[in-house]
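Notes to accompany the following structure.
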Amino acid sequence: MINIQIDSRLVKPGDTFVAITGAIYDGHKFIENAINNGATKVIVSDGKTYGVETVNVEDTYAYLHNFLIDNYANEFKSMND
């Protein structure tokens, strides 16, 4: 299972960090923190490459949304049944 974080302070070795751009914070500013905390993969939308596996997408929020639906929709559905 992939462990995804959007808060660089919570990243543990082997995690994937998704750099979400919000109203107050831009997760791209915390990518190096996430890598220093052990992230081995980053999902970004800034077109840059980092020192770990880097996946550039158009919209990191949409990527995360779709990832959660694709991987966890059945679990959420079963919780409501």
Side-chain angles (χ1 to χ4, degrees):
M1 179 186 293
I2 298 172
N3 193 23
I4 291 186
Q5 296 292 344
I6 60 171
D7 185 332
S8 65
R9 298 169 295 182
L10 301 177
V11 170
K12 303 271 190 278
D15 287 355
T16 295
F17 177 71
V18 182
I20 300 291
T21 301
I24 298 173
Y25 297 108
D26 181 353
H28 293 85
K29 293 181 179 180
F30 303 99
I31 292 170
E32 291 303 325
N33 291 344
I35 292 170
N36 289 337
N37 286 338
T40 55
K41 182 176 182 180
V42 293
I43 311 298
V44 301
S45 61
D46 62 3
K48 296 180 183 177
T49 301
Y50 296 88
V52 297
E53 181 181 354
T54 304
V55 177
N56 270 281
V57 297
E58 185 174 329
D59 180 341
T60 54
Y61 182 83
Y63 172 91
L64 180 59
H65 175 83
N66 291 330
F67 176 87
L68 293 173
I69 289 172
D70 291 345
N71 292 280
Y72 296 100
N74 289 335
E75 289 182 41
F76 289 119
K77 184 179 180 201
S78 68
M79 291 171 65
N80 293 321
D81 288 340

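For clarity, every value in this text was computed on a predicted model and none was experimentally measured. In what follows, every heavy atom counts, from backbone to side chain, and hydrogens, waters and symmetry copies are set aside.
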**Item:** Neighbour count >12 (heavy atoms, 6.0 Å) for atom CD1, Ile6
**Value:** no
**Message:** Please say yes or no: joined through hydrophobic side-chain contacts below 4.5 Å, possibly via intermediate residues, are Val18 and Val11 part of one cluster?
**Reply:** no
**Item:** Side-chain touch Thr16/Asn3, heavy atoms, less than 4.5 angstrom
**Value:** no
**Request:** Heavy atoms only: give me the nearest Phe17-Ala34 pair and the separation to one decimal.
**Result:** CG-CB, 3.5 Å
**Prompt:** Shortest non-hydrogen contact from Ser45 to His28?
**Reply:** N-NE2, 2.9 Å
**Asked** Is there a donor-acceptor pair under 3.5 Å between the side chain of Asp59 and the backbone N or O of Ala62?
**Response** yes
**Prompt:** Nearest 0.5 Å, what's the CG-OH distance between Asn66 and Tyr61?
**Reply:** 10.5 Å
**Request:** Please tell me if the side chains of Ile69 and His65 come closer than 4.5 Å, counting only heavy atoms from C-beta onward.
**Result:** yes
**Request:** Report the C-alpha separation of Arg9 and Phe30 in whole Å, then their side-chain angles, then the decisive distance to 0.1 Å, and conclude whether the side chain to side chain contact (heavy atoms under 4.5 Å, CB included) test is met.
**Result:** CA-CA 9 Å; Arg9 298 169 295 182; Phe30 303 99; over 6 Å; no
**Asked** Linking I/L/V/M/F/W/Y whenever their side-chain heavy atoms sit closer than 4.5 Å, directly or via other members, would Val57 and Ile2 fall into one cluster?
**Response** yes
**Message:** Strictly distance-based, threshold 3.5 Å: is any side-chain N or O of Thr54 a donor or acceptor partner for the main-chain N or O of Val52?
**Reply:** yes
**Asked** When hydrophobic residues are tied together by side-chain contacts of less than 4.5 Å, even through go-betweens, does Ile24 share a cluster with Leu10?
**Response** no
**Asked** Say you draw a straight line from CD of Gln5 to CD1 of Ile20; how long is it, rounded to the nearest 0.5 Å?
**Response** 12.0 Å
**Message:** Please check: side-chain N/O of Asn56 versus main-chain N/O of Gly47, any donor-acceptor pairing under 3.5 Å?
**Reply:** yes
**Message:** Return the OH to CD distance between Tyr63 and Glu58, rounded to the nearest 0.5 Å.
**Reply:** 15.0 Å
**Request:** Take Val42 and Val55 through the side chain to side chain contact (heavy atoms under 4.5 Å, CB included) test and state the conclusion after the steps.
**Result:** CA-CA 6 Å; Val42 293; Val55 177; over 6 Å; no
**Item:** Heavy-atom pair with the smallest gap, counting every atom of Asn33 and Ser8
**Value:** CB-OG, 3.7 Å
**Message:** Consider side-chain contact (heavy atoms from CB on, under 4.5 Å). Of Leu68, Ile43, Leu64, which one does Ile4 pass it with?
**Reply:** Leu64
**Asked** Is a donor on one side and an acceptor on the other found under 3.5 Å between the side chain of Asp15 and the backbone of Lys12?
**Response** yes
**Request:** Indicate yes or no for a side-chain donor-acceptor contact from Asn71 to the backbone of Phe67 under 3.5 Å, with no hydrogens or angles considered.
**Result:** yes
